[in-house]
Each structure stands twice: as C-alpha cells, then as structure tokens.
Student: 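Below you'll find the structure I mean.
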Amino acid sequence: MDRPQHRLDARAALQFLEAGLAYRREATVNWDPVDQTVLANEQVDGEGRSWRSGALVEKRQLRQWFLKITAYADQLLDDLPKLEGWPERVRTMQANWIGRSSGAELDFAVVDGEGQPSGEAITVFTTRPDTIFGVSYVVLAPEHPLVARLTTADQAIAVEAFCDLVSRQSDQERTAEDGPKRGVPLGARVRNPANGELVPLWIADYVLAEYGTGAVMGVPAHDQRDFLFARRYELPVRQVIIPEGSDEHAYEGGVWTEPGVLIHSGRFDGQASSSAKAAITAAAESEGWGRGKVQYRLRDWLISRQRYWGCPIPVIHCNSCGVVPVPVEQLPVELPRQVAFSGKGASPLAQLEDWVSVACPCCGQPARRETDTMDTFMCSSWYYLRYSDPHNTALPFERSKVDRWLPVDQYVGGIEHAILHLLYSRFFTKVLRDRGLLGFDEPFTRLLTQGMVQGITYKNPHSGRYIAPADVSDPSDPRDPNTGEVLEVFFEKMSKSKYNGVDPTAVIDRYGADTARMFILFKAPPEKDLEWDDADVEGQFRFLQRIWRLIEGAAERGLSLADGPALAVQEGSDGRASSSTLPGAPELLRFSTPEECSPAERELRRAVHTAITAISDDLDGDYQFNTAVSELMKLSNAMGGEHLEAAGLPVAAEALASLLILLAPFAPHLAEELWQKLGGSGSVHRQRWPVADPAALVRDTIPLVIQIKGKVRGNLEVPANADKATLEKLALESEVALRWLEGKAPSRVIVVPGKLVNLVP
RNA sequence: GGGGGCAUGGCGGAAUGGUAGACGCAGCGGACUUAAAAUCCGCAGACGGCGACGUUGUGGGGGUUCAAGUCCCCCUGCCCCCA
C-alpha cells in the first residue's frame with residue numbers, strides 16, 4: 001500500500017535513529033492475553049481489564065522501540081514559562097507529567113545470614129535523604145532483576161506467588177495511596193549505610209520497576225504509603241523528623257511528611273530537614289554510598305505497535321550488521337497487500353515471511369524487517385510542519401519554508417491533548433531544531449483549548465436508563481414515557497447511548513450554517529463547554545432575521561452603499577485598489593465632524609464606533625466571540641426603530657456598511673447577501689476592517705456617579721471634559737450630596753474623572 | 001492524598017479595583033390580529049413601599065481599600081489532571 005505520509009513519517013523516524021534518540025529495550029508492557037497484543041496504559045481500565053476484550057491485562061517483558069524523550073525533559077520543562085499564549089493549566093499539567101524531582105540515590109549493601117556483605121547492593125531513589133535514619137525496611141519492585149537471586153529458599157514459593165499476583169494489577173491500582181499495600185519479605189537483609197542497621201528486604205506492589213531505580217527505602221514515620229505498609233506488616237515506625245518546636249511525641253501513631261527538625265539521626269540531630277537533605281547527600285557522596293540525582297516521572301516514549309495499519313519502523317535487523325536503517329531511497333517501506341488478520345499473535349506483518357525476509361542494505365546477507373509499526377502520535381507530532389511545504393516530494397519540508405511559516409500562531413485543540421500530543425510535538429520540534437532542520441524552539445505560539453458541545457440529557461434516576469429527548473413529551477416536566485417517573489435533566493458530552501446528540505445537518509437544513517455558527521460562538525466563551533439549547537438556536541435565528549429586515553427596510557427606502565458620500569474608491573494599504581467603504585477612516589468622512597451631525601446622527605455614530613472598538617478588541621488577543629456577537633446585537637438594536645431613518649444618508653450608509661463588515665466573520669453568507677442587496681461593491685469579505693473614529697466616541701456630557709461612603713446614591717449629568725475640581729464642586733452641590741451629608745463637609749473626597757465622585761462623611 | 005480550575009438572577013453568561021447582572025434564552029404585561037403565530041413596545045435579582053426610594057445581594061467566613069464579583073487568608077461544594 002503506497003502511503004506518501006508513511007514515507008515522510010519514516011524519514012522523520014530516521015532522524016531519531018541518526019540522533020541516537022531511538023533505541024530498543026525490554027520493557028514491562030500491558031499484555032492482553034485474549035487479543036494477544038500490547039495495550040497502552042490508557043487502554044487499560046481501572047480494574048486492570050482490556051477496554052476491548054475485557055480480559056485481565058498481564059505485565060510482560062517485551063523488546064520494544066522507544067524514543068528518548070527523557071533526554072529533553074529539562075528543556076521541555078524549562079521552556080514552559082515561555083509559552084505565554086498557552087493556558088496556565090496545560091502548562092501545569094505538562095510540568096506535573098514531566099515531574100522533575102531532586103533527590104538522591106543511596107546504596108544499601110546486601111548482607112548474608114551472618115550479617116557480612118555479600119558484595120551486592122540495592123540502590124534506592126529517594127526525594128527524602130533526610131529521613132534515612134528512619135528506614136525500617138527496603139522494598140524492591142517485584143520485577144526488579146535482583147529479586148530471584150536475593151530470595152531465600154524458605155521464601156521462594158511466597159515470592160513467586162506474589163509476583164504472579166502483582167503482574168495482573170495495573171500501575172494505577174498498585175500505587176493508589178488509599179489502596180492496600182501488599183508485599184512479602186525476600187528473606188535477605190541490607191545494611192543502612194547511614195547508621196549500619198540491618199533491615200529486611202521486601203518486595204511490594206506499590207513499588208514500580210519503571211520509576212527511579214525500582215527500589216525504595218521504607219520510612220513509615222514520614223511517608224504515607226510506607227506507613228500503611230509498615231502497619232499492615234508490623235514493621236517498626238521510627239520518627240526522625242519532628243515539627244519545629246515540638247517533641248517526639250507530637251505525631252505518634254501518625255505520619256509527618258512536612259519539613260521539621262531531625263532527631264535520632266546521629267550527627268545530623270537538630271538540623272532542619274531542608275538543609276539535612278543536602279548535608280546527608282553530601283555525606284553519602286564523600287563516603288561513597290550515594291549521590292545526588294534528579295529524577296523524572298516522564299518515561300521514554302514507547303512507539304512500538306503490533307499493528308498492520310501504521311507506518312513500519314524503517315529498520316532491518318541483520319545478524320552481522322545489527323540494526324540497519326532502511327536506505328532513504330527505499331522508503332517508504334510498503335505494507336504488504338495480502339494480509340491475514342487473525343486477530344491473534346504478534347503483528348500480522350510478522351507472519352508474512354515474504355515481506356519480512358530481505359537482504360541487509362549493508363552486507364547483502366539475509367536479514368529481517370522490523371515488524372513493529374509506529375504509534376499514530378508520531379504522525380501528529382509533525383504534520384503541521386508539512387503544511388509549510390506540502391508539495392515537496394524530495395523532503396518532508398524545506399527549512400526555509402518551515403522557518404517562514406512556523407511556529408503556528410494559533411493552535412486549537414481539546415484539553416485531552418494537553419499531555420500526549422502537545423508534549424510530543426514540542427519534543428519533535430526541539431529534536432528537529434537540534435538536527436538543524438528548523439530554526440525555532442516551540443511549535444505552537446498560542447493555544448486555545450476549546451470546550452465541548454454538550455447535549456441535553458434525560459435520565460431516569462431509578463432505572464438508570466437514558467431517555468431520548470423526542471420521547472419526553474413535556475420538557476418543563478420531564479417524565480419517563482413508560483413509568484411516568486420524574487427524570488433527571490442535565491447537560492453532558494454527546495453520546496449515542498445517551499440519546500443526547502444533535503445532528504448538525506438537521507440544524508443547518510432548518511436554520512442555515514450562519515445561525516448554527518453564531519449560536520455556537522455566542523452561547524459560551526470558546527474554552528468553555530457549551531450547552532446545546534434549541535431555544536437559544538431559535539433566538540439566534542431571530543437575530544439574523546432582524547438584521548435581514550433591517551437591511552431590507554433600508555434598501556426599500558432607497559439606501560444604497562453605492563452612492564453615499566461615505567463610499568470612496570480607495571487604495572488599500574496592501575496596494576490593491578478596492579472600491580470599498582471606509583467607514584472608519586475619519587479623514588475621508590467629511591460629515592463626521594460633530595458640528596455637522598444631528599444629535600440623532602451623533603448617537604448612531606457613537607453606537608457604530610463603540611461596536612467597532614469592542615468587536616475589534618474581542619477578536620484580537622484573547623478570543624471573546626461571545627461578547628463580540630452581543631456587541632453586534634447591541635449595534636443592530638441601536639440601528640432599529642427610528643434610529644436609522646433619522647440619520648442622513650452618509651451616516652446611515654456608514655452604519656449599514658460597518659454592521660455588515662463586522663457581521664461578516666460570524667455570518668459570512670448572510671453578510672455577503674445583504675452587502676449585495678445594498679449595492680456594496682465587491683465582496684463584503686474583501687473590505688477593509690473598520691477603524692473606530694475617536695471623534696465619534698466623544699460625548700458632551702456624561703452621567704457622573706455620586707457615591708456616599710462608597711455606596712451609589714445618585715447620578716449627575718456633567719460636562720464630559722470637566723476637571724477634577726469642577727467635578728468635586730458639582731458633586732458637593734448636588735441634591736444627592738445635600739440630602740446625604742446633611743450640610744456637613746465630607747472628610748474625604750475621591751474624584752475619578754469620567755466616572756464618579758465618592759464623598760466620605 | 002497532591003496539583004490546577006471554577007462558584008454571579010429561573011437558565012447561558014457580561015463586568016481595565018469604580019453604577020453587578022451587559023447581551024441572549026425562558027417568563028410576564030401591552031400593541032397589532034376575528035383568532036393564533038410572527039413581529040413590535042415595555043417589565044423583570046430578592047425583600048419592603050402606591051411611589052420617590054430604602055434595605056439586601058456575586059457559595060460561606062475573615063481581611064486590605066475611599067471603593068471588592070474582581071486583590072489576600074481560611075472553609076465548603078463541583079470539575080479536570082496526577083497519584
């Protein structure tokens with residue numbers, strides 16, 4: 001199957017191989033024993049079952065391909081503050097996902113039955129080296145490579161049974177803080193390097209092989225999970241940190257995880273726990289039993305998939321040359337057409353001997369193709385770069401083109417991509433930058449995480465059944481059509497099983513695309529979930545009809561955009577001649593001086609230019625489409641009734657042209673049609689965006705708010721240009737002030753010009 | 001358990017520390033109509049008052065300020081992410 005995208009994806013993948021950022025290793029993976037395939041963590045439910053087969057997922061060790069995203073962990077974390085155009089919460093989620101924590105690796109020597117060193121050591125990772133004197137046991141992950149060797153004969157059966165049990169659990173189950181902590185002792189002991197004590201070695205479900213060193217030190221007095229574990233197995237709990245100013249009985253029977261002061265810690269007694277972390281790490285380094293270590297929660301990215309669909313990882317395995325990249329001229333690796341989908345076994349590709357057998361590109365000896373395909377997130381991590389150079393057949397993209405168009409100014413996606421796609425794309429960008437293929441650090445300058453459309457949902461609280469809205473006869477008193485029970489009503493993500501979906505084509509057939517679009521924009525801010533409400537759709541439709549009647553009425557009265565003085569043939573700033581209205585260019589509008597306008601005209605112009613200001617602002621920077629639509633409504637209200645008729649042709653034409661140009665992005669079809677109806681030249685979508693005329697916004701008088709001790713007590717119409725002293729004088733003389741101050745002079749007067757005067761008695 | 005976010009009329013939602021509730025939906029009253037729909041005009045947080053107005057009000061409790069939905073602290077509830 002020839003897939004151009006695969007050739008390009010393969011090229012991208014080779015970049016990682018060449019950079020040394022792709023590797024293969026044994027990994028613990030989720031294995032579905034029924035479907036015989038690997039599952040992603042997200043595809044395993046809370047009970048540890050496959051989302052597809054329902055089988056209990058097992059842990060298996062398999063050789064898989066990884067991309068070394070951890071090599072970029074620091075950059076991915078440290079560059080987050082630069083992403084000022086991203087929502088704070090997405091940045092926080094990425095920072096938490098990367099999870100950089102500073103701590104130490106400490107070595108616990110394994111001892112034999114007589115307490116003598118056996119020559120082996122367990123290295124634990126901890127963020128709390130300050131608590132090492134409180135260690136009462138050391139725990140390995142059941143998958144830890146030393147488990148088998150360190151298990152004593154009398155524990156062997158128990159250990160094997162436990163490992164088998166744990167392999168059936170999901171990571172989430174294993175590490176949940178409120179879940180049971182289970183484990184078994186191996187029989188061996190280790191020596192605490194700080195105080196020489198011998199403590200038992202255990203394995204437990206709450207320690208993961210993939211995190212840190214796969215081993216932790218158990219400090220029950222200062223870690224919640226260690227505490228639960230110790231209590232269950234009656235292991236000692238020794239407090240070594242106490243809250244400052246308290247004694248060692250301060251939290252007996254509980255856990256203290258906050259900072260404090262060290263006790264029972266030899267030469268470190270009395271130190272603050274914060275400084276003891278560094279001091280104990282330094283001691284470990286100088287004495288050779290540990291070292292400072294920065295640990296990440298982020299794991300390398302497992303990209304192997306045992307699927308037919310997908311781009312094959314472009315390498316060939318040769319017995320003498322090792323892993324050899326498929327030469328560029330042989331890309332893409334074409335997928336075979338004759339495939340048996342048994343649904344079982346490894347990748348369907350692995351069963352096709354003809355396809356798998358190939359000559360090594362290096363030495364020509366018989367070799368075998370890689371049969372794993374790549375995770376689909378590989379493609380989505382760089383597709384946007386291709387848009388800068390879509391017709392290039394030689395390269396995925398050319399640097400000059402990608403540097404010209406990228407990074408993406410405004411990216412839009414759901415919050416569900418906060419970690420996966422958005423983190424992978426940032427990783428790709430940094431790698432390709434370091435390979436010299438592009439010249440920027442981040443792929444997306446601004447990010448909008450849009451909300452979901454939710455549908456009205458009816459549910460019978462007793463039976464738990466969902467009821468289709470069509471079956472609810474009276475929405476104001478929703479009842480189950482079968483039983484008559486009162487239904488629960490709420491808005492939820494649309495889903496077939498909940499009968500709460502909305503068919504967009506039905507809405508468009510009935511009201512048109514303009515209504516549907518405006519409803520969506522108006523109903524809620526873009527980043528919020530939106531509750532689909534037919535009554536609101538209807539309301540939006542009414543608004544567009546009002547505009548239609550407004551324009552039609554104007555056209556019937558002979559108003560035209562073609563012959564008003566407001567229209568001037570102008571050359572646009574881009575040099576393209578366009579005969580268009582320039583409603584906002586004050587130098588062109590001779591009628592715009594306040595003296596030449598009637599009071600009604602000035603009022604109308606103020607409404608027009610207020611709308612221009614507000615809508616332009618709403619479309620710039622943070623997108624506030626909902627308030628932009630409400631400004632359109634205000635403008636059309638201000639043009640309704642007698643208001644438009646009372647204005648002369650130039651002002652009326654300016655108002656009409658402005659309304660349609662402002663409306664065009666929201667209701668493009670209607671705006672264009674009405675533009676033609678009014679005799680506008682060209683297309684409404686090719687007009688210059690209006691610029692507000694400051695002179696039109698000026699008022700002679702403004703309502704001044706009079707506050708007495710911060711409470712609004714009245715209004716006063718005052719000259720708009722009055723200075724502070726005048727405003728204070730007017731306020732003090734006002735009827736409101738006389739009534740509330742009862743003749744006494746206020747002790748304090750705050751004047752906010754243009755807004756209010758606050759008189760404090 | 002940790003981190004993040006949110007909380008405003010009957011509903012969706014507006015409010016650079018400066019008149020809370022813009023705009024809309026639902027509602028109520030009126031006009032038009034034989035009637036209904038559509039349309040147009042008006043009312044509308046709550047409580048009190050015929051009214052002018054007054055009191056109160058942005059989840060709860062404190063604080064900063066002449067002034068707090070907005071800033072700070074504590075609490076409650078809901079949502080998301082991570083364990």
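Protein chains get the first letters and strands the later ones, always in sequence-line order, with residue 1 at the start of each.
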Student: On RNA chain B, check which nucleotide each of A/Gln545 and A/Met93 is closest to and give me the residue with the more 5' one.
Tutor: A/Gln545

Student: I'd like a table of donor-acceptor pairs (distance under 3.5 Å, sequence neighbours excluded) in which one partner is a side-chain atom from residues 543-557 of chain A, with atom names and distances.
Tutor:
{"from": "A/Trp548", "atom 1": "NE1", "to": "A/Glu552", "atom 2": "OE1", "distance (Å)": "3.4"}

Student: For A/Lys729 and A/Glu733, run salt bridge (charged side-chain N to carboxylate O under 4.0 Å, His left out): C-alpha distance rounded to whole Å, both residues' side-chain angles, the deciding distance at 0.1 Å, then the answer.
Tutor: CA-CA 6 Å; A/Lys729 183 165 168 288; A/Glu733 288 168 355; 3.5 Å; yes

Student: Measuring only the P atom in each nucleotide, how far is B/C53 from B/U58? A whole number of Å is fine.
Tutor: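 Roughly 23 Å separates the two P atoms.
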
Student: Not counting sequence neighbours, which residues clear side-chain hydrogen bond (donor to acceptor under 3.5 Å, both in side chains) with A/Thr127? List them please.
Tutor: none

Student: Which whole-number value in Å describes the distance from A/Arg91 CZ to B/C80 C1'?
Tutor: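 My rounded result for the distance is 17 Å.
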
Student: Grab the NZ-C1' distance between A/Lys711 and B/G57 for me, whole Å please.
Tutor: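 In whole Å, B/G57 C1' and A/Lys711 NZ are 10 Å from each other.
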
Student: How many Å lie between CG on A/Leu80 and P on B/G4, as a whole number?
Tutor: 15 Å

Student: Between N or O atoms, less than 3.5 Å apart, protein on one side and nucleotides 69-71 of chain B on the other: list the pairs.
Tutor:
none

Student: Is there a donor-acceptor contact under 3.5 Å from the side chain of A/Asp514 to the main chain of A/Leu670?
Tutor: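 Yes, because the side chain of A/Asp514 sits within donor-acceptor range (under 3.5 Å) of the backbone of A/Leu670.
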
Student: Are any non-hydrogen side-chain atoms of A/His222 and A/Ser273 less than 4.5 angstrom apart?
Tutor: no

Student: Could you work out the separation of B/C6 and B/C23 based on their C1' atoms and round it to a whole Å?
Tutor: 22 Å

Student: Could you state the atom-to-atom distance from CD of A/Gln94 to C1' of B/G4 in whole Å?
Tutor: 14 Å

Student: Between B/G5 and A/Arg89, is there an OP1 or OP2 to side-chain N/O distance shorter than 4.0 Å?
Tutor: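 So the side-chain polar atoms of A/Arg89 never come under 4.0 Å of the phosphate oxygens OP1 or OP2 of B/G5.
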
Student: Taking ring-ring contact (aromatic ring centres under 6.0 Å, His included) as the test, write out the residues that go with A/Tyr623, two or more places apart.
Tutor: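 ring-ring contact (aromatic ring centres under 6.0 Å, His included) list for A/Tyr623, sorted by chain: A/Phe625.
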
Student: What is the distance from CD of A/Glu88 to C1' of B/G3, rounded to the nearest Å?
Tutor: 12 Å

Student: Could you check how far CD of A/Gln454 sits from P of B/G12, rounded to whole Å?
Tutor: 12 Å

Student: Output yes when at least one side-chain N/O atom of A/Arg713 is less than 4.0 Å from OP1 or OP2 of B/C53, else no.
Tutor: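 False: A/Arg713 side-chain N/O out of range (4.0 Å or more) of B/C53 OP1/OP2.
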
Student: What integer number of Å spans the P atoms of B/A68 and B/G57?
Tutor: 12 Å

Student: Given salt bridge (charged side-chain N to carboxylate O under 4.0 Å, His left out), test A/Arg100 with A/Asp78 step by step and report yes or no.
Tutor: CA-CA 10 Å; A/Arg100 181 162 66 192; A/Asp78 294 341; 2.9 Å; yes

Student: In which ranges does RNA chain B form stems of 3 or more consecutive Watson-Crick or G-U pairs, distances under 3.5 Å?
Tutor: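 Paired runs of 3+ in RNA chain B: B:1-7 with B:76-82, B:10-12 with B:23-25, B:27-31 with B:39-43, B:45-48 with B:53-56, B:59-63 with B:71-75.
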
Student: Any ion pair linking A/Glu603 and A/Arg606 (charged N to carboxylate O, less than 4.0 Å)?
Tutor: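 No.
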
Student: Take the angle between the ring planes of A/Tyr411 and A/Phe444 and call it parallel below 30°, perpendicular above 60°, tilted in between.
Tutor: parallel

Student: Can you measure A/Leu298 atom CG to B/C82 atom P for me and round it to whole angstrom units?
Tutor: 13 Å

Student: Within the 4.0 Å limit for protein heavy atoms, which parts of nucleotides 13-27 of chain B are touched? Write it as a string from 5' to 3', B for base, S for sugar-phosphate only, - for none.
Tutor: SSSB-BB--BBSSS-

Student: Measuring from A/Ile203:CD1 to A/Arg182:CZ, what's the distance to the nearest 0.5 Å?
Tutor: 12.0 Å

Student: Taking the six-membered ring of A/Trp86 (Phe, Tyr or Trp), confirm whether the NZ or CZ of A/Arg446 is under 6.0 Å from its centre and within 45° of its axis.
Tutor: no

Student: Determine the Euclidean distance between corresponding P atoms of B/A15 and B/U65; express it in Å to zero decimal places.
Tutor: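 Looking at atom P only, B/U65 and B/A15 are 28 Å apart.
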
Student: Syn or anti for B/G9, given that syn means the glycosidic angle lies within 90° of 0?
Tutor: syn

Student: Considering only the P atoms, how many Å lie between B/C11 and B/A26, rounded to the nearest integer?
Tutor: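 Here B/C11 and B/A26 have their P atoms 15 Å from each other.
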
Student: Between B/U16 and B/G12, how many Å separate the two C1' atoms, rounded to a whole number?
Tutor: 24 Å

Student: I need the CZ-C1' distance between A/Phe491 and B/G12, as an integer number of Å.
Tutor: 9 Å

Student: State plainly whether the residues A/Glu728 and A/Lys724 are in salt-bridge range, i.e. N to O under 4.0 Å.
Tutor: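 Between A/Lys724 and A/Glu728 there is no salt bridge, as every charged N stays at least 4.0 Å from the carboxylate O atoms.
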
Student: Provide the distance between the two P atoms, one in B/A14 and one in B/G59, to the nearest whole Å.
Tutor: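 Those two atoms are separated by 15 Å.
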
Student: Any donor and acceptor pair, going by atom type alone, linking the side chain of A/Asp130 with main-chain N or O of A/Lys277 inside 3.5 Å?
Tutor: no

Student: If the P atom of B/A83 is compared with that of B/U76, how far apart are they to the nearest Å?
Tutor: 25 Å

